[in-house]
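To start, the structure under review is shown below, and the notes come after it.
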Amino acid sequence: MMSLTKVSLIDIVKKQYVYKLKAYSQVFISLIFIQLLAVFFSLNGVGGGGISSGSIQINVSYFSADFVVAFTMLWGFITAIVITTKTYRIDDFIFVTNRASSNLSNMVFLLIASVIGGITAMLSTNLIKVIVYYFKSDFALKSTTVMDMPMEFLIGIFSTILYVFLFCALGYLVGTLVQISKVFAVLLPAAFLGGLIFDGLSGKTGVIAKVLGFYFTESSLALFIVKIIMTAGLLFIGAFALSNRREVRT
């Protein structure tokens, strides 16, 4: 007897996403740990300088959320790899599902995770300032608030969200490749490290440096958004296409 109930792809993706948001709570616990660790590393400042004249010496240190943002991007990359593993994929089979709904729900989950990670990363600037103010007595802190530059702060949050999502997309593709063949678990890190070594030995701007510059030095906000969204989209499309090569329950 055939069921007359027709379940749409959107409904399945929505149910899977809601389930994953609750079931993968440890992902956000790890985010808190990673960001607190980054805050600790940020307490010595991300840059600075000093001047001296006679017996007077003045040191200037700059505090920002740069370390927290970098650690959050790394967190997004690792999280995306983790949810492609077999243990997490099996969770999808508590629903009537297929590769499309599983991949789409993962993408939505990573997008929401990127939003949460991006917002908390930028807000961590305030935590750093509070810690420096109360626990570093030899500092005279000059600080700006969100109200001083609200637009710059919002752009910072939006840009961080996009960067984290880009690294999530890259991690998802890497994780999918590794699930297809464990050989990629060796080849991909070796290729990355080899590229870094080659760039260092050549003394020129290498491929990795050019790729990083392409995404991290863009001055036009509109072009930056287009670059990130298109690249993340292509990475996810590639991962979705490759995932279809696996057997249904592998």
For [X] against [Y], the heavy-atom pair lying closest together:
{"X": "Ala239", "Y": "Thr176", "answer": "O-CG2, 3.6 Å"}
{"X": "Val27", "Y": "Ser30", "answer": "O-OG, 2.5 Å"}
{"X": "Gln16", "Y": "Ser101", "answer": "OE1-O, 2.9 Å"}
{"X": "Ser124", "Y": "Ala65", "answer": "OG-CB, 3.7 Å"}
{"X": "Val69", "Y": "Met122", "answer": "CG2-SD, 4.4 Å"}
{"X": "Ala80", "Y": "Cys168", "answer": "CB-O, 3.0 Å"}

Is there a side-chain contact between [X] and [Y] (heavy atoms, below 4.5 Å)?
{"X": "Met107", "Y": "Phe240", "value": "yes"}
{"X": "Leu127", "Y": "Leu36", "value": "yes"}
{"X": "Ile81", "Y": "Phe77", "value": "yes"}
{"X": "Thr72", "Y": "Thr160", "value": "no"}
{"X": "Leu21", "Y": "Phe28", "value": "yes"}
{"X": "Phe71", "Y": "Phe41", "value": "yes"}
{"X": "Phe167", "Y": "Leu74", "value": "no"}
{"X": "Leu235", "Y": "Leu166", "value": "yes"}

**OP:** Check for a donor-acceptor pair, side chain of Trp75 on one end and backbone N or O of Ile32 on the other, with a separation under 3.5 Å.
**Re:** no
Original post:
Under 3.5 Å, is there a donor-acceptor pair between the side chain of Lys20 and the main chain of Phe109?
Top reply: no
Say whether [X] and [Y] are linked into one hydrophobic cluster, either directly or through other cluster members, by side-chain heavy-atom distances under 4.5 angstrom.
{"X": "Phe192", "Y": "Phe184", "answer": "yes"}
{"X": "Ile161", "Y": "Ile155", "answer": "yes"}
{"X": "Val164", "Y": "Ile112", "answer": "yes"}
{"X": "Val130", "Y": "Leu43", "answer": "yes"}
{"X": "Leu242", "Y": "Ile237", "answer": "no"}

At what distance, to the nearest 0.5 angstrom, does [atom1] of [X] lie from [atom2] of [Y]?
{"X": "Ser159", "Y": "Ile157", "atom1": "OG", "atom2": "CD1", "result": "10.0 Å"}
{"X": "Lys182", "Y": "Leu187", "atom1": "NZ", "atom2": "CG", "result": "13.5 Å"}
{"X": "Thr125", "Y": "Leu123", "atom1": "OG1", "atom2": "CG", "result": "8.0 Å"}
{"X": "Leu31", "Y": "Thr79", "atom1": "CG", "atom2": "OG1", "result": "8.0 Å"}
{"X": "Ile119", "Y": "Ser114", "atom1": "CD1", "atom2": "OG", "result": "11.0 Å"}
{"X": "Thr84", "Y": "Ile180", "atom1": "OG1", "atom2": "CD1", "result": "10.0 Å"}

Original post:
Side-chain donor-acceptor pair under 3.5 Å between Thr120 and Gln35, yes or no?
Top reply: yes
Original post:
Just by distance, with hydrogens left out, do Asp66 and Ser42 show a side-chain donor and acceptor under 3.5 Å apart?
Top reply: no
**OP:** Before giving the answer on side chain to side chain contact (heavy atoms under 4.5 Å, CB included), spell out for Phe67 and Leu37 the whole-Å C-alpha distance, their side-chain angles and the decisive distance to 0.1 Å.
**Re:** CA-CA 9 Å; Phe67 278 131; Leu37 182 63; over 6 Å; no
**OP:** Answer yes if the ring centres of Phe236 and Phe165 are under 6.0 angstrom apart, and no otherwise.
**Re:** yes
Original post:
Quick check, are the ring centers of Phe216 and Tyr163 under 6.0 angstrom apart?
Top reply: yes
[X] atom [atom1], over 12 foreign heavy atoms within 6.0 Å:
{"X": "Lys14", "atom1": "NZ", "result": "no"}
{"X": "Tyr215", "atom1": "OH", "result": "yes"}
{"X": "Ile10", "atom1": "CD1", "result": "no"}

**OP:** Determine, stepwise, if the pair Phe40 / Ile131 fulfils side chain to side chain contact (heavy atoms under 4.5 Å, CB included).
**Re:** CA-CA 10 Å; Phe40 174 77; Ile131 294 174; over 6 Å; no
**OP:** Go through Tyr17 and Asn106 one step at a time and tell me if the side-chain hydrogen bond (donor to acceptor under 3.5 Å, both in side chains) criterion holds.
**Re:** CA-CA 7 Å; Tyr17 159 70; Asn106 283 337; over 6 Å; no
